[in-house]
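Take a look at the structure set out below.
Below, chains carry the letters A, B, ... as their sequence lines are ordered, and counting in each starts from 1.
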Amino acid sequence: MSRNRFSAPRGTQDLLPAESPRWQALQARFAEICSARGYGEIRTPIFEETELFVRSSGETSEVVGKQMYTFEDRGGRSITLRPEGTAPALRAALEHRLIQPGLPLRMWYLVQNFRYERPQKGRLRQHHQFGAELVGSDSPLADAEVIALAWQFLSDLGLKGLTVRLNSIGRAATRSAFREKLLAHIAPWLADQTEENRARAEANPLRLFDSKDQEIAELMQDAPLILDVLEPESRVRQAALEAELDRLGVGWTLDPRIVRGLDYYTDTVFEIQSGALGAQSAVSGGGRYDGLVEEIGGPPTPSVGFGMGIERLLLILEAEGLVPSPPSGPIFLVCQAQDRAAAEALAGEIRGRGQTAILDLDGRSIKGQMKLADRLGARFSVILGEDESARGVVSIKRMADGSQTEAEPGSDEFWSIMES
RNA sequence: GCGGAUGUAGCUCAGGGGUUAGAGCGCCUGACUGUGACUCAGGAGGUCGCGGGUUCAAAUCCCGUCUUCCGCCCCA
């Protein structure tokens, strides 16, 4: 409680032992599904040279503008805690010559990201993401593969009520032409905005499409759409992607409001949204970033990827009642001091069979040990007592119903009870 | 960064100026000298988020601050 001298910093969370199995299960599942598609795990430093993120995300992006945890290290270098996963993964791939022409590179990761924001439910200053990147293909099949990967992972978890929101924001040149067009449309409105709103709108008017403000929503109602001015190539890609997603059984809807906040996206952008998250509706987001590798000093390399918020995913799982059943309880060995050695030996055998075995540490009475077994959620208490050892058996009590039998420790009968 | 709520026992919450601040659940001890969970009887645990102010008197009113939550911004 608040008497504590220290507490977790604002917008951060501790992961406690009771919760960690859920994370481990998700991570195992994600690793499995990625591995099955040929994606290998990559781990990169938690901080990078600040310039990497400025270059990749863009000066005008919200992330770079006001959300980065940036500091100067003792050597005078500007360092930034990773705000997103894509740029570091690509930096590493480039640095270690993993990017080769004609050879698609598939990577997945689990990262912590840091963004200085006002915390809300599902929005933290340190949050975790799964992500996958498919580097080196400009085929719409690559876009589809990545979206299908995210979608398959989520739907395999049993999640309902998710929608894939798809859009295309075209090539850079198309976008800057479109930007002018859009600015012209909103000019009258822009005139009487606050300094801050105006600066934000002018920096990236596309973002207005995503606004939840009633007035802006109305303003954007009859705004021109970038979908209508796409270059032929972009149009072809979009059509091919839509067809491929249909073939893969991914349910998607076209949503011109999906514009994304990072400057590196080109053509395909998408979010996967859930109604269970309130204002932070996106559980996953990504898209194509054909210019990014070049931007950070590599060869032109068309690529596509996504990130997925783990805390948000857990919130959705909880909201949909998909909380996994707790792992089966441990086996508690009840004994008195003179039988301790035998109990420890038996505990070793139980552990060797892959089960959890626990003994008392504090010299409790038999009763005290039984009580402890109960509080630890034990499935069985195995009692090594005077009577039993005289007869070469142990008592086995099933805690759920209180039934009790005897068996010779290590016998087939013993193990068949333990594993039931 | 802007606007609005919130904080009382380990947990969920009641109490909205007046002697020692409550409930349920949880926890501890005993009834039970080899048996938990059930039942019964006891018990421990709170500088009422923190700091300041008003008052004879503050958990209660005022100001500040921190946390969490909601909306905006933005995103995962």
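- Taking the C1' atoms as reference points, B:U29 lies 23 Å from B:G22, given to the whole Å.
- Classification of the A:F209-A:F178 ring pair by plane angle, with boundaries at 30° and 60°, yields parallel.
- Base pairing of B:A41: its partner is B:U29, meeting the Watson-Crick or G-U wobble criterion (both donor-acceptor distances under 3.5 Å).
- Rounded to a whole Å, the CG atom of A:D360 is 15 Å from the P atom of B:U35.
- For the pair A:L376 CG and B:G26 C1', the interatomic distance rounds to 15 Å; values are reported in whole Å.
- Across all strands shown, B:C11 forms a Watson-Crick or G-U wobble pair, both distances under 3.5 Å, with B:G24.
- For B:G1, the paired nucleotide is B:C72, the pair qualifying as Watson-Crick or G-U wobble because both relevant distances are below 3.5 Å.
- With a cut-off of 3.5 Å on both Watson-Crick or G-U wobble distances, the partner of B:C48 is given as none.
- With a glycosidic angle no more than 90° from 0, B:G16 adopts the syn conformation.
- For the pair A:R353 and A:W415, the distance from NZ or CZ to the six-membered ring centre is under 6.0 Å and the angle to the ring normal is within 45 degrees.
- Taking the P atom of each, B:G26 and B:C38 are spaced 7 Å apart, rounded to whole Å.
- Contacts of A:K397 with the nucleic acid, taken as non-hydrogen atoms under 4.0 Å apart, include base atoms.
- A donor-acceptor distance shorter than 3.5 angstrom exists from the side chain of A:S20 to the backbone of A:P17, with no hydrogens or angles considered.
- Spacing between B:C72 and B:U12 at atom P, rounded to whole Å, works out to 26 Å.
- One interatomic measurement links the two molecules: CZ of A:R118 to P of B:C73, which rounds to 14 Å at whole-angstrom precision.
- Ion pairing between A:E349 and A:R351 fails under the 4.0 Å rule for side-chain N and carboxylate O.
- Base contact: A:K212 has a heavy atom under 4.0 Å from a base atom.
- Map A:I272 and A:A8 each onto its nearest nucleotide of RNA chain B; the residue landing nearer the 5' end is A:A8.
- Comparing the same atom, C1', in B:G7 and in B:C13 gives a spacing of 12 Å after rounding to whole Å.
- A distance of about 13 Å separates the P atoms of B:A37 and B:A31, rounded to the whole Å.
- Distance A:Y116 OH to B:C2 P: 11 Å, rounded to the nearest Å.
- Counting atom types as modelled, A:R115 pairs a side-chain N or O with a base atom of B:A76 as donor and acceptor under 3.5 Å.
- Classified by interplanar angle (parallel below 30°, tilted 30° to 60°, perpendicular above 60°), the ring pair A:Y69/A:Y116 is perpendicular.
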